[in-house]
Amino acid sequence: MSEPMVKAEAVHKRFGRHEVLRGIDLAVAAGEVLCLLGPSGSGKSTFLRCINHLEKINSGRLSVDGELVGYRQVGGKLHELRESEVARKRAEIGMVFQHFNLFGHMTALDNVTCAPINVRGVPRARARERGRELLERVGLEDKLDAYPAQLSGGQQQRVAIARALAMEPKLMLFDEPTSALDPELVGEVLDAMRKLAAEGMTMIVVTHEMGFAREVADTVVFMDDGVVVESGRPGEVLANPRHERTRAFLSKVL
């Protein structure tokens, strides 16, 4: 079998005395869509942030595409990478947050092309051509010159998705990407994510959108209190959960 795109082994994360992740084990294959479900405070977003080393794990092992996140193993010891090396690895992982974090003084196209030009050194003309393609891909071909203040929340989040894709990531992380949107705008963002999944992008999605998880996910993981309670195919976990804690959670959200 090929190496998983993401592999977590006994991952622990503490903030002071509070242990947020208490031994996470999971694997995500290349091209797989994994949806993380669970109540607020269960550790889902923290786990996402550990994957691209925005948070450092306290123990365990976490790897992306066969390489340790934030560390290099020499002999039997782990050595933390320099920040420049971490940043280079982080650029291979796209992340879309709850809030869009767009540059307000830049157009949609400039927001998408900024990182490829300044981080990757992509020539401006090529970056702008690619940016137009990506904005068209998320249904915003008519908003290239619009500023964030001129866009709806759903449109801003689609620009954020295009911006992440502009770095040609091998993995996309979504941290409740629709939670800050008005209900009528959720569908357009989920449609953009469905297209990505259909194109074979490896995705880990923290979400409360059960319909999306049922339709798009290959694997659903339910987390609570920093541990994986259960995981499996969407039809198994959502329709016939094995654990009482999962059943209690789903009874409130389905």
Side-chain angles (χ1 to χ4, degrees), residues 5 28 30-36 48 51-52 90-120 122-218:
M5 178 60 73
V28 184
E32 183 179 1
V33 178
L34 182 144
C35 283
L36 278 175
L48 274 199
I51 292 173
N52 65 1
R90 190 179 289 139
E92 299 175 346
I93 302 172
M95 188 157 185
V96 179
F97 299 88
Q98 296 179 33
H99 300 285
F100 328 120
N101 300 322
L102 300 178
F103 294 114
H105 64 290
M106 291 184 178
T107 65
L109 183 58
D110 288 338
N111 266 282
V112 172
T113 59
C114 179
I117 293 170
N118 294 301
V119 177
R120 284 270 169 86
V122 176
R124 181 178 175 82
R126 193 195 312 166
R128 290 180 69 82
E129 180 182 357
R130 174 68 172 154
R132 292 186 191 95
E133 292 172 0
L134 289 170
L135 287 167
E136 181 177 354
R137 191 167 158 189
V138 297
L140 293 174
E141 59 273 17
D142 59 337
K143 300 294 184 181
L144 303 181
D145 298 321
Y147 289 88
Q150 299 170 312
L151 301 173
S152 71
Q155 290 170 333
Q156 290 185 61
Q157 191 63 294
R158 283 186 282 156
V159 173
I161 292 172
R163 178 181 59 184
L165 292 173
M167 294 295 282
E168 300 185 357
K170 59 179 69 172
L171 167 69
M172 285 284 287
L173 308 175
F174 294 87
D175 188 8
E176 297 192 38
T178 60
S179 66
L181 300 178
D182 292 333
E184 67 268 22
L185 302 177
V186 168
E188 62 193 53
V189 174
L190 295 181
D191 283 344
M193 294 169 64
R194 286 187 186 95
K195 290 179 184 177
L196 272 186
E199 293 165 3
M201 175 63 74
T202 309
M203 298 163 55
I204 301 179
V205 184
V206 172
T207 185
H208 292 293
E209 299 292 339
M210 297 300 150
F212 176 85
R214 184 183 292 109
E215 175 190 350
V216 179
D218 298 292

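The first residue in the sequence is number 1, and the count goes up from there. Any value given below was found using the heavy atoms of this structure, including those in side chains, with hydrogens, waters and symmetry copies removed.
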Quick one: closest heavy-atom pair of [X] and [Y], and the distance?
X      : Y      : result
Gly154 : Leu185 : N-CD1, 3.7 Å
Ile51  : Ile93  : O-CD1, 3.8 Å
Leu181 : Pro177 : CD1-O, 4.1 Å
Ala164 : Gly94  : CB-CA, 4.1 Å
Cys114 : Phe103 : SG-CE1, 4.5 Å
Ala162 : Leu134 : O-CD1, 3.6 Å

Q: List in chain and number order the residues that pass salt bridge (charged side-chain N to carboxylate O under 4.0 Å, His left out) with Glu129, two or more places apart in sequence or in another chain; answer none if no residue qualifies.
A: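 None.
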Q: Check the pair Arg124, Thr113 against side chain to side chain contact (heavy atoms under 4.5 Å, CB included), reporting the backbone distance first and the verdict last.
A: CA-CA 8 Å; Arg124 181 178 175 82; Thr113 59; 5.6 Å; no
[Y] side chain reached by [X] side chain, heavy atoms, under 4.5 Å:
X      : Y      : result
Val205 : Phe212 : yes
Thr107 : Leu144 : no
Gln155 : Leu140 : yes
Leu196 : Leu165 : yes
Arg128 : Leu109 : yes
Val159 : Leu135 : yes

(Q) Applying side chain to side chain donor-acceptor pair (under 3.5 Å) as the test, list every pair that has at least one member in residues 133-148; sequence neighbours left out. (A)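 As it turns out, the side chain to side chain donor-acceptor pair (under 3.5 Å) pairs with a partner in residues 133-148, which skip direct neighbours, are Arg137-Glu199.
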How many angstroms lie between [atom1] in [X] and [atom2] in [Y], if you round to the nearest 0.5 Å?
X      : Y      : atom1 : atom2 : result
Arg158 : Ser152 : CZ    : OG    : 6.5 Å
Lys170 : Glu92  : NZ    : CD    : 4.0 Å
Met5   : Leu171 : CE    : CG    : 6.5 Å
His208 : Leu36  : NE2   : CG    : 11.0 Å
His99  : Gln157 : NE2   : CD    : 9.5 Å
Thr207 : Met193 : OG1   : CE    : 6.5 Å

Q. Does a side-chain N-to-carboxylate-O contact under 4.0 Å join Arg120 and Glu168?
A.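 Salt bridge between Arg120 and Glu168, a charged N being under 4.0 Å from a carboxylate O: no.
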Q. So, the side chain of Asp175 versus the backbone of Gln98: is there a donor-acceptor pair under 3.5 Å, distance only?
A.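 Absent.
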(Q) Donor-acceptor check, side chain of Arg163 to backbone of Asn111, threshold 3.5 angstrom: yes or no? (A)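 No: the side chain of Arg163 does not pair with the backbone of Asn111.
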Q: Give the C-alpha distance, both sets of side-chain angles, the deciding distance and a yes or no for side chain to side chain contact (heavy atoms under 4.5 Å, CB included) between Ile161 and Val189.
A: CA-CA 9 Å; Ile161 292 172; Val189 174; 4.1 Å; yes
Q) When you look at Thr178 and Glu209, which way does the side chain to side chain contact (heavy atoms under 4.5 Å, CB included) test go after all the steps? A) CA-CA 8 Å; Thr178 60; Glu209 299 292 339; 3.3 Å; yes
